[in-house]
Amino acid sequence: MLSKCLFIVIEGIDGTGKTSVCKGLSEKLGAVNYKTPSGRWQKYRSVVEDRHPFIRFIYYLLSTVCSSLEISKLLRRNSVVCDRYIHSTWCHHIVYGCRFLKSIPVSRLPVKKPDLIYYLTVTSSEREKRINMRKGNNLKDKDSESLLKVHKYFSRIKDMRRVDTTHRDVTEVVDLIFRDAASF
């Protein structure tokens with residue numbers, strides 16, 4: 001358990017272990033496990049996925065703004081571990097066509113700022129192996145070339161703590177992040 005309620009975000013491209021780490025870390029911290037887009041926004045995700053990138057960006061931005069408000073309320077009583085946040089929206093949408101975002105720092109987007117951001121990485125071969133093992137992949141999950149570009153934009157974000165998940169099981173990664181967060 002932590003001495004104060006923290007807002008922790010887990011970011012990374014597909015196949016790095018975000019969802020598993022979020023679940024494990026939430027359990028270990030006794031925190032709320034929060035995934036974006038959440039709630040009512042999730043049911044509209046399939047409607048916008050194949051739309052123009054600007055429409056997708058607006059959907060993800062608005063859903064994250066709403067999530068930010070929900071997270072702020074949750075933080076009054078609980079720590080929150082969030083699976084993807086505004087950073088994913090920013091990085092992916094620059095690569096998929098919203099070039100104007102290059103001139104807008106992710107830190108200027110109108111959402112609650114996390115206390116800690118962990119960026120999970122993995123080698124390309126390990127990521128592809130993980131992606132091939134999971135169900136429900138879409139074409140973007142398997143688009144290694146575009147995901148490498150997304151990774152490049154993630155690498156430009158300051159204040160992210162990088163964690164290499166290659167050859168580490170979920171428990172190891174959770175323990176590593178837990179120790180770091182507890183010292184915050």
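The figures here come from the full heavy-atom set of this structure, side chains too, leaving out hydrogens, waters and symmetry mates.
- Distance check, rounded to the nearest 0.5 Å: CD of E126 to OG1 of T16 gives 11.0 Å.
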### Task
Quick one: do Y34 and S38 satisfy side chain to side chain donor-acceptor pair (under 3.5 Å)? Show the steps, please.
CA-CA 8 Å; Y34 195 97; S38 69; 2.8 Å; yes
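- Environment of NZ in K129: sparse, with no more than 12 heavy atoms of neighbouring residues, nucleotides or ligands closer than 6.0 Å.
- The aromatic ring centroids of W41 and Y59 lie less than 6.0 Å from each other.
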### Task
Apply the test side-chain contact (heavy atoms from CB on, under 4.5 Å) to residues C82 and T36: give CA-CA distance (whole Å), side-chain angles for both, the deciding distance (0.1 Å), then the verdict.
CA-CA 7 Å; C82 186; T36 62; 3.8 Å; yes
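- Inter-residue side-chain proximity for L148 and S124 is flagged as met; some heavy-atom pair is nearer than 4.5 Å.
- The closest side-chain heavy-atom distance from L176 to V163 is below 4.5 Å.
- Salt bridge present: R84 and D14 bring a charged side-chain N and a carboxylate O closer than 4.0 Å.
- Taking hydrophobic clusters as Ile, Leu, Val, Met, Phe, Trp and Tyr residues chained together by side-chain heavy-atom distances below 4.5 Å, Y44 does not share a cluster with L69.
- Put simply, the side chain of D115 gets close to the backbone of F7: a donor and an acceptor are under 3.5 Å apart.
- Hydrophobic clustering (ILVMFWY, side-chain heavy atoms < 4.5 Å, transitive): V95 and F54 are in one cluster.
- The backbone N or O of H93 lies less than 3.5 Å from no partner atom in the side chain of R56, so there is not a single donor-acceptor pair.
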### Message
Could you walk me through whether V81 and I10 satisfy the side-chain contact (heavy atoms from CB on, under 4.5 Å) test, starting with their C-alpha distance in whole Å, then the side-chain angles of each, then the deciding distance to 0.1 Å, before giving a yes or no?
### Response
CA-CA 7 Å; V81 177; I10 307 294; 4.0 Å; yes
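- When hydrophobic clusters are built by joining Ile, Leu, Val, Met, Phe, Trp and Tyr residues whose side-chain heavy atoms come closer than 4.5 Å, directly or via intermediates, V122 is not grouped with V173.
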### Step-by-step side chain to side chain donor-acceptor pair (under 3.5 Å) determination, Y60 to R45
CA-CA 9 Å; Y60 281 101; R45 189 174 180 187; 2.9 Å; yes
### Task
Give the intermediate values and the outcome of salt bridge (charged side-chain N to carboxylate O under 4.0 Å, His left out) for residues D175 and K28.
CA-CA 9 Å; D175 289 344; K28 189 160 184 135; 2.7 Å; yes
### Query
Given C91 and K152, is the side-chain contact (heavy atoms from CB on, under 4.5 Å) satisfied, shown in steps?
CA-CA 8 Å; C91 293; K152 180 179 94 172; over 6 Å; no
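- The NZ atom of K158 lies 13.0 Å from the CD1 atom of I117; values are rounded to the nearest 0.5 Å.
- For the side chain to side chain donor-acceptor pair (under 3.5 Å) criterion with T165, the lone passing option out of R130, R127, E172 is R130.
- A salt bridge is defined here as a Lys NZ or Arg NE, NH1 or NH2 lying under 4.0 Å from an Asp or Glu carboxylate O, and D83 with K23 fails to meet this definition.
- Heavy atoms from other residues, nucleotides or ligands lying under 6.0 Å from CZ of F184 number more than 12.
- In this structure, the side chains of W90 and Y85 stay at 4.5 Å or more apart for every pair of heavy atoms.
- Between atom CG of residue D164 and atom OG1 of residue T123 there is a gap of 7.5 Å, rounded to the nearest 0.5 Å.
- Relative ring orientation between F154 and H92 is described as perpendicular, the plane-to-plane angle rising above 60° on a 0-90° scale split at 30° and 60°.
- Shortest non-hydrogen contact noted between S79 and A31 is O-CB, 3.2 Å.
- The side chain to side chain contact (heavy atoms under 4.5 Å, CB included) test with L120 singles out one residue from T166, I177, I13, and that residue is I177.
- To the nearest 0.5 Å, the span separating CG on L29 from SG on C5 amounts to 11.0 Å.
- Separation of atoms CG (L61) and CD1 (I86) is listed at 5.0 Å; rounding is to 0.5 Å.
- At least one side-chain heavy atom of R162 sits under 4.5 Å from a side-chain heavy atom of S155.
- The residue from R161, K18, E11, H151 that alone fulfils the side chain to side chain donor-acceptor pair (under 3.5 Å) condition with Y119 is H151.
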#### Entry: Candidate pair L75 and L6, rule side-chain contact (heavy atoms from CB on, under 4.5 Å), full reasoning
CA-CA 7 Å; L75 286 167; L6 292 179; 5.9 Å; no
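- Using a 4.5 Å heavy-atom threshold, the side chains of L25 and Y118 count as separate.
- Atom CG of residue N33 and atom NZ of residue K35 lie 9.0 Å apart, to the nearest 0.5 angstrom.
- Under the 3.5 Å distance criterion, the side-chain polar atoms of S103 are matched with a main-chain donor or acceptor of F100.
- Considering only heavy atoms from C-beta on, P110 comes within 4.5 Å of V65 through its side chain.
- Residues I104 and I58 fall within the same hydrophobic cluster, defined by Ile, Leu, Val, Met, Phe, Trp and Tyr side chains chained together at heavy-atom separations under 4.5 Å.
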